[in-house]
Protein chains: 2
Amino acid sequence: MRSSDLPQVRSLSLFDDMDDSSFDALMQTAYLQVFPAQLELITEGDPADFLYIVTEGCVELFARSNGRESTMAMVRPVGTFILAAVLKDAVYLMSARTAQRSKVLLIPSENVRDIFQKDEQFARSIVVELANCYRSVVKEHKDLKLRSAVERLANRLIRMHKQQGESGTLTLPFDKRTLASLLGMTPENLSRAFNTLRPYGVDVDGMTIGLNDIKSLETLAKPNVLIDDQLT
Amino acid sequence: MRSSDLPQVRSLSLFDDMDDSSFDALMQTAYLQVFPAQLELITEGDPADFLYIVTEGCVELFARSNGRESTMAMVRPVGTFILAAVLKDAVYLMSARTAQRSKVLLIPSENVRDIFQKDEQFARSIVVELANCYRSVVKEHKDLKLRSAVERLANRLIRMHKQQGESGTLTLPFDKRTLASLLGMTPENLSRAFNTLRPYGVDVDGMTIGLNDIKSLETLAKPNVLIDDQLT
DNA sequence: ACAGAAACTTGATAATTATCAAGGAGACCC
DNA sequence: GGGTCTCCTTGATAATTATCAAGTTTCTGT
């Protein structure tokens, strides 16, 4: 498998410390595939056959139980998902589907575990990646347990705004229904939460959100580095 | 440091594959300490100075934000906590306090990271431990997003009952206030949730809970291996 | 450009969960 | 043994969030 996407995959912190030979061995059996939007890539409960890496587009991780469904996370380029299941040779805890047309690299699980055993540097990089994943979920969990719906939305907007360069405007990276589910509320409630935030300078125009009074929005949101910061 | 607790610490999957020399090096600077109940061991936001291992008692991991507080997890012997922060040399995302008088082993972070670099087997064990931690939080998060308060309680009771040998009776391993917070509800609500479960054979007598109609309780709870099972 | 579908919004209402206030049970201490 | 304290429970009420049922807008494909 050869492709112009390889360098960007290689540059992931998960891979950039490993030997060329190991990386090549890992990619030997990998394949890059383009999927249309709304295609279910993996289903929770299935054995973890591949490690997935999103190189273009966007993938939604979600979970189902008892007829309900909830978005757990959104994976944007360049990001991996379900690493833990692959390493443990366990079943997936979450399902995944493309939120839009997406390019995804699939590396057979056995191969990942094999190189993990052989390449010490790769094993160490995996530790860092897993630690980051763990801390991300802990933050999500704190967000849900310690904040109201409106607060979760406000903080998420502030976060997206930062990621997009703090121009005073942001574009939602996925549709509102998915955002609602990610934030743990219904679409109707998200709509109302946006209305609640209007007095705090939040202007909604489709997927474009204007933040015209960040000071006051932050007073309401009370952002917390131990929940909202990607780095800490 | 020598102690009768060492063998049980050594038997943790995190340590049982490592060299004797590495283990000894790790324990060289470690110290075992007994803390009274309700003592705050670590505070979120502080740098991760130690890896903690509970050998006796019970430790509560909790988080605070904006004047609110929520229990994130309970760590029982023999279990570790805040491994991710130690490895990343980052600040703690959660605070910890003893739920009862507890014996805790503290290993200086630097030492953990040092041995992690030197002992390949230890590094691999850490991956497994981290993957397990990650999957546990994902399950907690699913539990909270996909279930109502009563369902969360019902499933937790079923889980505790299994852990305690399915005798028809279980003993709550910590007080109801903490259980309520862990399950993401108020103490008042937990009390009412118990009442709601009475028609399903749940009898409350202080810390002792009788489960007299598990079939019907399971019909309500709809346990899911991808949320409730410790192993998967 | 237009029809149809999907996504989003709004209003009305219901369910769930939280808050406040008070009472009761049990543990602990002198 | 009585008092005090903490924890738990219960009742009344309020706030939050979800559901149901239209509308409205936006997107898509032809």
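Residue numbers begin at 1 in each chain, while the letters A, B, ... track the order of the sequences. Everything numeric in this text was worked out from a predicted model, so none of it was measured.
The A:Thr186 side chain lies nearest to D:dA18 when the options are C:dC8, D:dA18, C:dT10. Candidate nucleotides C:dA18, D:dA18, C:dT19 were compared by shortest atom distance to the side chain of A:Asn189, and D:dA18 ranks first. Proximity note for A:Met185 (side chain, C-beta onward) versus C:dC8, D:dT9, D:dA18: the nearest is D:dA18. For B:Val204, whose side chain is taken as the heavy atoms from C-beta onward, the closest listed nucleotide among D:dT9, D:dT17, D:dA18 is D:dT9.
Mapping B:Asp175 and B:Arg192 onto DNA chain D by nearest heavy atom places B:Asp175 at the nucleotide closer to the 5' end.
Regarding B:Phe194, its CZ atom lies at a distance of 12 Å from the C1' atom of D:dT9, rounded to whole Å. Rounded to an integer number of Å, the gap from CZ of B:Arg152 to P of C:dT16 is 13 Å. Rounded to an integer number of Å, the gap from CD1 of A:Ile209 to P of C:dT9 is 9 Å. In this structure, B:Met207 places its CE atom 15 Å from C1' of C:dA25, rounding to the nearest Å. Atoms CD (B:Glu151) and C1' (C:dT17) sit 14 Å apart, rounded to a whole Å. Between the CG atom of A:Leu190 and the P atom of C:dA7 there is a distance of 14 Å, given to the nearest Å. Rounded to whole Å, atom P of D:dA18 lies 11 Å from atom CG of A:Leu183. Spacing between atom CD of B:Glu188 and atom P of D:dT10 amounts to 12 Å, rounded to whole angstrom units.
In the model, B:Ser181 has no side-chain atom that pairs as donor or acceptor with a side-chain atom of B:Glu69 under 3.5 Å.
Using a 4.0 Å cut-off between charged side-chain N and carboxylate O, A:Lys142 and A:Glu151 make no salt bridge.
Put simply, B:Asn195 has a side-chain N or O that comes within less than 4.0 Å of OP1 or OP2 on D:dT10.
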Practice task
Check the pair A:Glu40 / A:Arg64 against salt bridge (Lys or Arg N to Asp or Glu O under 4.0 Å), numbers first and verdict last.
Solution key: CA-CA 13 Å; A:Glu40 191 159 325; A:Arg64 279 188 273 245; 2.8 Å; yes
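For A:Arg101, the CZ atom counts as loosely surrounded, since its 6.0 Å shell holds 12 or fewer non-hydrogen atoms of other residues, nucleotides or ligands. Heavy-atom contacts from other residues, nucleotides or ligands closer than 6.0 Å to OH of B:Tyr200 number 12 or fewer.
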